[in-house]
Structure formats: structure tokens, C-alpha cells
Visitor: 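Pasting a structure here, questions to come.
A, B, ... follow the sequence lines: proteins, then strands. Residue 1 opens every chain.
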There are 2 protein chains.
Amino acid sequence: MNQNETRTESGRRGRVKVAGSGAGTELQPAVPQGVGSEKYERILDAAVEVIAEHGYFNSPVSAIAARAGVADGTVYLYFKSKDEVLRKALDRNFERFYVVVAERFMTLHDPREQLEFVAWLHLQTATENRGMAVLMQTEMRQSAKFVADFSLEHLARYIHLLREVIRRGQASGIFRSDISDGLVAHCLFGAIDELLSSSIFTGRKYEAKQTAAQVLDVLLHGFGGQKK
Amino acid sequence: MNQNETRTESGRRGRVKVAGSGAGTELQPAVPQGVGSEKYERILDAAVEVIAEHGYFNSPVSAIAARAGVADGTVYLYFKSKDEVLRKALDRNFERFYVVVAERFMTLHDPREQLEFVAWLHLQTATENRGMAVLMQTEMRQSAKFVADFSLEHLARYIHLLREVIRRGQASGIFRSDISDGLVAHCLFGAIDELLSSSIFTGRKYEAKQTAAQVLDVLLHGFGGQKK
DNA sequence: TTGGCAAATGAGTGAGGATTCATTAGAGTG
DNA sequence: CACTCTAATGAATCCTCACTCATTTGCCAA
């Protein structure tokens with residue numbers, strides 16, 4: 001549902017977009033070949049790489065275009081603005097993530113295992129696409145409105161997913177019910193997220209499977225007292 | 001208007017400062033009145049407010065100066081560059097935090113209580129200074145190298161603090177020893193950090209004391225199975 | 001070959017903003 | 001008052017982009 005939203009472009013004065021060159025034509029195709037076209041994807045990939053390396057505000061569109069092997073102007077045939085590129089890149093990633101989760105949940109029903117799977121997938125995905133992982137740990141936290149609202153949406157969805165699993169676990173008696181599902185969800189997400197950040201910033205590797213299992217161990221059984 | 005002839009002779013001048021008009025003084029004081037001077041502090045406070053509101057890259061130095069009630073140039077009498085302002089602001093905050101922790105630890109020795117105290121202080125501090133909290137959750141995660149290295153240092157110190165406490169708990173047998181202290185430290189930090197982020201982004205409040213206690217409850221006893 | 005059209009190009013435009021520095025204000029001091 | 005030194009000022013400099021658009025390229029059909 002992309003309408004021409006009146007959003008203040010970053011730093012640019014709002015300018016009425018030309019509504020097509022010919023007076024008669026209605027909406028000119030914002031995206032020449034459609035969202036899935038090869039160039040569209042190339043630009044997103046390039047943006048992820050470049051921005052991960054230098055940060056959003058230190059990544060000129062020209063650098064992204066160059067990395068993608070297209071002209072500067074071409075970026076604007078596929079995206080309305082620089083920040084739309086960032087948003088779409090993050091969108092794409094989240095979408096993929098949820099698709100995998102939904103698939104796996106069709107045959108994996110135990111809440112404990114579901115949580116562990118999500119934790120694992122989160123870590124694993126980041127391992128496989130370091131650039132995107134950097135974006136998620138950095139640019140997505142920007143306070144700038146253009147990321148903030150949108151990030152919130154994605155994060156809220158993630159948390160929501162976890163809460164549902166946790167609530168089912170509570171309902172079936174395998175999780176404590178005297179603790180809010182929201183709190184637990186945030187603890188789990190926060191723990192994974194922090195492990196990831198730390199790994200990205202320090203460059204230290206981890207083993208996704210094992211790390212996910214350990215985090216779940218801590219959260220499920222606690223680290224106080226003897227091991228059960 | 002501007003007929004810019006190609007006079008690209010003078011690039012960005014290096015930041016070699018003029019050594020004062022009169023000979024004699026070797027080192028001119030980079031900071032007129034010293035670090036603790038009133039204006040120095042005012043500029044830091046202003047920077048925190050402005051940057052928290054608009055983000056680092058959307059906060060012109062002129063806006064920070066205006067908020068502090070000084071001229072643009074004055075900022076450069078106290079700080080070498082815009083990013084030094086940000087760094088010093090974060091530094092100041094961490095310093096205060098560690099001072100309080102060190103003080104409290106002098107009379108609080110139980111590892112469990114120490115962890116809970118740190119968690120509480122972390123949340124509490126953020127409540128009292130929302131602007132700074134926003135900076136910590138956003139600008140500090142920037143990938144730009146200038147923040148990254150520096151942030152890493154601060155975060156590493158925080159994690160280090162937690163690990164020491166945890167190790168002591170393990171040594172005295174009140175914490176499980178089959179889980180790495182690093183992992184637990186990251187889980188704890190991550191959980192608190194995420195709760196904070198979430199609160200800041202959604203605007204939902206929390207009660208520091210209670211939240212810290214709950215997080216520790218989860219981490220110490222786990223949320224799997226019945227409550228002990 | 002020519003005409004038409006979509007896609008792509010990349011130099012140009014214009015705004016923004018970090019930093020500088022010549023100048024002014026102020027506070028002592030004799 | 002005259003002189004000096006420091007702190008503070010803010011207009012000016014000068015560079016960096018985000019985004020535009022006139023032009024070119026490439027393709028296909030007639």
C-alpha cells in the first residue's frame with residue numbers, strides 16, 4: 001500500500017512530486033521492472049553492504065549506486081528516497097525471517113523448542129548475512145523518526161511472536177505463570193540481541209545452535225543454584 | 001550568486017590549532033575554563049537534549065549551541081569536534097554510573113543483590129535522564145567507527161563488571177558453574193537493555209525496582225516449570 | 001531503416017552544515 | 001584611560017550530498 005505519503009524527506013524540503021510527464025498518464029511506474037527485478041535486488045544488497053560498513057549517514061547514495069553497478073539516478077527509479085532503500089532492505093529481511101519461522105512452526109509445536117528455534121534462527125541468520133546483521137544492530141536503532149516508527153513495528157511483531165509462544169507454554173503449565181509473558185519475551189529477545197551485538201562489535205564468533213541452547217537453558221532453569 | 005571558480009586549493013584544513021597570538025605559551029588551553037566549567041557542562045546537557053530529540057546526524061552544531069545559549073564557535077572552544085561532544089557526554093554518564101556502583105558495592109556484597117542493584121541502577125538512571133537514555137539506546141549503537149570503538153569500551157567495561165560479580169557467585173556456589181559467566185552477563189545486560197529500549201521507544205513506563213527484581217527472578221530461577 | 005518507448009544515465013542544482021577566524025566584549029591591571 | 005589578554009561571537013567558507021531531469025541507450029516492431 002504505497003501511497004505518496006507526505007513524509008519530510010531527510011533534510012530535503014518537501015517538494016511536490018511530478019505526477020507523470022504526460023498530463024494524461026496517471027501513475028507512472030515507480031519501479032520499472034517491479035519489486036523483484038534484478039536491479040531492485042542488487043540495489044538493496046549494495047545498500048546493505050555499504051551502509052553496514054559506513055553507517056547510513058556516511059553512505060552517499062552514489063556509493064550505494066556504485067556498489068550496485070548502476071547510476072545514481074537509477075536508484076531513484078526503484079526507490080522514492082534514500083531512506084526508503086534502508087527500510088525496504090530491512091523489510092525484506094524480516095519477511096524472510098517470518099516465512100521460515102512460520103514454516104518450521106507447522107511441525108514444531110513444543111513451546112520450549114519453538115523458542116529455541118527462534119533464538120537459533122535469529123543467530124543463524126545473522127551469521128549468514130553479516131551486513132544485514134550490522135544494520136539490525138545499528139541503523140535500526142536510530143532515533144530518527146524515519147527509522148524509529150518503522151523499526152518499532154518490526155520489533156513489536158517479533159516480541160508478539162515470542163509472547164504468543166510463551167503464553168501457550170504458560171497455559172499448558174510448562175512455563176511459570178507468575179511472570180508476565182511480555183517480560184520474558186523481552187528478556188529472551190534482549191539476551192539474543194545482545195549476544196549478537198557483542199559478537200558483531202567484537203568480531204568474536206559463536207556457534208548458533210549451542211548458544212541458542214544455552215540461552216534457553218538459562219532462561220528456563222535459571223543460573224541461580226544447582227543445575228537441575 | 002555563486003560563481004565558484006575551481007579554487008579547490010584549500011581542503012579541509014588540518015586541525016592544527018594556532019598556538020596563540022603572543023609567543024610564549026606553548027599549549028593554549030583547549031578548554032577555556034577547564035572541563036568542569038559551567039559552559040562546558042551546559043553544552044553537554046544541550047547536546048544530550050538536542051541529539052536525543054533529533055539524532056546525531058540531524059542535529060546541527062548550531063542547534064546544540066543555541067540550546068546551550070552560546071555561539072556556534074564557542075562549542076569549538078570546548079570541544080574539538082561535534083563528535084567529541086557526543087563522546088564526552090556519554091563518558092560523563094558512564095563515569096557517574098560507575099561511581100555510584102562502586103560506592104554501593106562497598107557495603108553490598110551478596111552477588112545476587114549486587115546484580116539486582118546494577119540492574120536497578122541501570123533502569124533508574126535511565127528514568128531520571130531520559131535524554132541520555134535515548135542516546136545510549138540509539139546513537140551509541142551507531143556503526144560509524146568513531147562511536148563504535150568508543151562504545152565498545154564502555155560496554156565492555158559494563159560486561160566486565162557483571163562478569164566479576166557472577167564469577168564470585170559461582171565461586172561461592174550460589175550460581176551455577178556449568179554456564180559461562182560471559183553468557184550470563186550478556187543475558188542480563190541484554191535483558192535490561194531491551195526492556196529499556198522498549199520502554200523508550202514505546203513510551204511505556206516501568207517501575208525500576210520491580211522490573212529489576214523480576215528480571216533477576218527470571219535469570220536466577222528460570223521461567224520454566226513451577227515457581228520454587 | 002526508422003520511430004517509439006521504457007530504462008538508464010550522470011552532470012547539475014541547491015540546500016545544509018561543520019568548522020574557521022577576524023572581530024568584539026569584558027575583565028583586570030597600572 | 002591605555003593596554004593586554006582571554007573568552008566569546010557569528011558571518012563566511014567551502015565541501016558534501018540527496019535528488020532532478022535533459023539526454024542517451026537499447027530494444028522491438030513495422
Visitor: For B:Lys80 and C:dA18, give me the distance from atom NZ to atom P, rounded to whole Å.
Guide: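 Distance, rounded to whole Å: 17 Å.
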Visitor: Nearest whole Å is fine: how far is D:dA18 C1' from B:Phe57 CZ?
Guide: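 Distance check: B:Phe57 CZ to D:dA18 C1' gives 16 Å.
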Visitor: Side chains of B:Glu194 and A:Ile159, heavy atoms from C-beta outward: is any pair under 4.5 Å?
Guide: yes
Visitor: To the nearest angstrom, how far is A:Arg42 atom CZ from C:dA7 atom P?
Guide: 15 Å
Visitor: Which nucleotide in the set C:dA7, D:dC19, C:dT19 lies at the smallest distance from any side-chain heavy atom of A:Tyr78?
Guide: C:dA7
Visitor: Considering only side-chain heavy atoms of A:Tyr76, which listed nucleotide, C:dA8, D:dC19, C:dA18, is closest?
Guide: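 So the nucleotide nearest the side chain must be D:dC19.
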Visitor: Check the distance between C:dG17's P and B:Tyr56's OH and give it to me in whole angstrom.
Guide: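 Atom OH in B:Tyr56 sits about 13 Å away from atom P in C:dG17.
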Visitor: Side chains of A:Tyr206 and A:Thr127: donor-acceptor distance under 3.5 Å anywhere?
Guide: yes
Visitor: Any idea which of D:dA8, C:dT19, D:dA18 is nearest the B:Ser81 side chain?
Guide: C:dT19
Visitor: Roughly how many Å is it from CD in A:Glu84 to P in D:dC19, rounded to a whole number?
Guide: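 It is 10 Å, rounded to the nearest whole Å.
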Visitor: Which nucleotide in the set D:dC19, C:dT19, D:dT9 lies at the smallest distance from any side-chain heavy atom of A:Asp72?
Guide: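 Among D:dC19, C:dT19, D:dT9, the one nearest the side chain of A:Asp72 is D:dC19.
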Visitor: Using a 4.5 Å cut-off on heavy atoms from C-beta on, say whether the side chain of B:Arg157 contacts that of B:Phe94.
Guide: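 Contact flag for B:Phe94/B:Arg157 side chains = no.
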Visitor: Check the distance between D:dT20's P and A:Phe79's CZ and give it to me in whole angstrom.
Guide: 15 Å
Visitor: Please determine whether ring pair (Phe, Tyr, Trp, His ring centres under 6.0 Å) holds for the pair A:Phe57 and B:Tyr56, giving the CA-CA distance in whole Å, both sets of side-chain angles, and the decisive distance to 0.1 Å.
Guide: CA-CA 10 Å; A:Phe57 288 102; B:Tyr56 179 79; 8.9 Å; no
Visitor: Which nucleotide wins on minimum distance to the side chain of B:Leu77, given the candidates D:dA7, C:dT9, C:dT19?
Guide: D:dA7
Visitor: What is the distance, to the nearest angstrom, from the CG atom on A:Asn58 to the P atom on D:dC17?
Guide: 8 Å
Visitor: Under 4.0 Å: is that the gap between some side-chain N or O of B:Ser62 and OP1 or OP2 of C:dG17?
Guide: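 Answer no for this pair, as no side-chain N or O of B:Ser62 is under 4.0 Å from OP1 or OP2.
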Visitor: Can you confirm whether or not the ring centre of A:Phe150 sits under 6.0 Å from the ring centre of A:His154?
Guide: yes
Visitor: Could you state the CD1-C1' distance from B:Ile64 to C:dG17, rounded to the nearest angstrom?
Guide: 12 Å
Visitor: For the side chain of A:Val70, counting heavy atoms from C-beta on, which of D:dT9, C:dT9, D:dA18 is nearest?
Guide: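 Comparing D:dT9, C:dT9, D:dA18 against the side chain of A:Val70, the answer is C:dT9.
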Visitor: B:Lys39 has a side chain; which of C:dT9, D:dA8, D:dA18 sits nearest to it?
Guide: D:dA8
